[in-house]
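Structure record follows, encoded as structure tokens.
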Amino acid sequence: MSVFLGTHQNRLDAKGRVSIPAPFRTALRAQAQAGDALVVLRPSHQHPCIEAWPTAAFAALSQPLDRLDMFSDEHDDMAAALYADAFPVDADREGRIILPDALKEHATLTDSVAFMGLGRIFQIWEPAAAERRRAEARTRSRNLALPAQNRAQSHVQNHVQQGGSTHGGTNGGGAA
């Protein structure tokens, strides 16, 4: 599976177009289905940025929604929150997309944008806000631990969190 890695900065042109970074375009195209938009853009619920979803991943969001009563307020609220402000977008031959005005306003984008990879999706930020978010995430993640799949992984994870190396076998024998 292709993932979105790294942070890349590009300029927004006078027509509101921005070039999707080449590694992100490659990942999007690897996941695209014939006839679908390249990417779905939507405002983030948590941050002043734009979320960019591969079309198949965005479609998977409907699965939990399908379990709600179609005529309930909960269904209507979730459907509106997920879909009402979503924009399917295709890139031109140069890999540029047009960012809708409502999304540019939500993310306070002007002339430069930062594309921040988050694995299965990416986000589009105002560059200074993206740097603050990455710093905040690094600080907050120091106290988090990913769920281990087994005891060996848990041991390695604890060892790394305590400043040890996963290379070289023993605490004293590995290169720092």
Side-chain angles (χ1 to χ4, degrees), residues 1-13 15-68 70 72-138 140-141 144 146-147:
M1 177 175 155
S2 299
V3 295
F4 303 100
L5 302 173
T7 299
H8 311 268
Q9 193 165 321
N10 283 335
R11 298 198 62 76
L12 198 60
D13 72 14
K15 295 180 180 179
R17 298 175 300 191
V18 65
S19 181
I20 298 172
F24 287 13
R25 281 195 314 267
T26 299
L28 286 168
R29 289 184 178 133
Q31 298 178 47
Q33 301 288 326
D36 286 344
L38 183 65
V39 65
V40 176
L41 304 177
R42 63 178 307 280
S44 170
H45 287 341
Q46 297 178 314
H47 303 288
C49 69
I50 300 167
E51 293 177 353
W53 291 75
T55 304
F58 188 77
L61 291 177
S62 69
Q63 292 172 353
L65 191 60
D66 290 342
R67 291 191 291 268
L68 294 174
M70 179 173 186
S72 69
D73 289 341
E74 292 84 6
H75 181 278
D76 287 352
D77 291 345
M78 284 300 286
L82 291 173
Y83 302 126
D85 296 320
F87 297 86
V89 176
D90 283 310
D92 66 13
R93 278 180 264 188
E94 287 80 39
R96 297 173 302 192
I97 56 173
I98 296 176
L99 299 177
D101 289 337
L103 296 181
K104 286 189 296 190
E105 290 171 19
H106 172 77
T108 63
L109 301 178
T110 54
D111 59 345
S112 284
V113 302
F115 291 80
M116 188 179 347
L118 299 180
R120 65 186 178 127
I121 70 166
F122 62 93
Q123 295 175 329
I124 303 171
W125 288 80
E126 185 280 322
E131 178 54 39
R132 289 189 302 271
R133 173 63 186 128
R134 287 193 315 274
E136 172 189 286
R138 283 189 297 269
R140 289 175 53 189
S141 68
L144 299 176
L146 295 174

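All residue numbers refer to positions in the sequence shown, counting from 1.
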Shortest non-hydrogen contact from [X] toward [Y]:
X      : Y      : result
Pro21  : His8   : CG-CB, 3.5 Å
Ala81  : His45  : O-CE1, 3.4 Å
Asp90  : Ala37  : OD1-CA, 3.4 Å
Pro88  : Ala86  : CD-O, 4.0 Å
Glu126 : Ala107 : CB-O, 3.7 Å
Pro100 : Leu41  : CD-CD1, 4.2 Å

Any side-chain heavy-atom pair from [X] and [Y] closer than 4.5 angstrom?
X      : Y      : result
Thr110 : Leu12  : no
Glu94  : Ser19  : no
Arg42  : Leu82  : yes
Leu28  : Ile20  : yes
Thr7   : Arg134 : yes
Arg96  : Val18  : no
Tyr83  : Ser62  : yes

* Asked: Is there a donor-acceptor contact under 3.5 Å from the side chain of Gln33 to the main chain of Asp36?
  -> no
* Under 3.5 Å, side chain of His106 to main-chain N/O of His47, donor-acceptor pair present? -> yes
* Hey, can you tell me if Trp53 and Phe58 have their rings parallel, tilted or perpendicular (30° and 60° cut-offs)? => perpendicular
* Asked: Phe122 vs Phe24 aromatic rings, parallel, tilted or perpendicular, using cut-offs 30° and 60°?
  -> tilted
* Test: Glu131 and Arg138 ion pair at under 4.0 Å -> yes
Atom pair [atom1] ([X]) and [atom2] ([Y]), whose distance is rounded to the nearest 0.5 Å:
X     : Y      : atom1 : atom2 : value
Leu38 : Gln31  : CG    : CD    : 10.0 Å
Ile98 : Asp13  : CD1   : CG    : 8.5 Å
Cys49 : Leu118 : SG    : CG    : 8.0 Å
Ile97 : Asp92  : CD1   : CG    : 10.0 Å
Phe4  : Ile121 : CZ    : CD1   : 9.0 Å
Ile50 : Leu99  : CD1   : CG    : 5.0 Å

* With a 3.5 Å cut-off and no angle check, do the side chains of Arg11 and Ser112 form a donor-acceptor pair? -> yes
* Could you go through the side-chain contact (heavy atoms from CB on, under 4.5 Å) check for Phe115 and Asn10 one step at a time? => CA-CA 8 Å; Phe115 291 80; Asn10 283 335; 4.0 Å; yes
* Within 6.0 angstrom of Arg140 CZ, more than 12 heavy atoms from elsewhere -> no
* Test His75 against Leu65 for side-chain contact (heavy atoms from CB on, under 4.5 Å), laying out the working first. => CA-CA 7 Å; His75 181 278; Leu65 191 60; 3.8 Å; yes
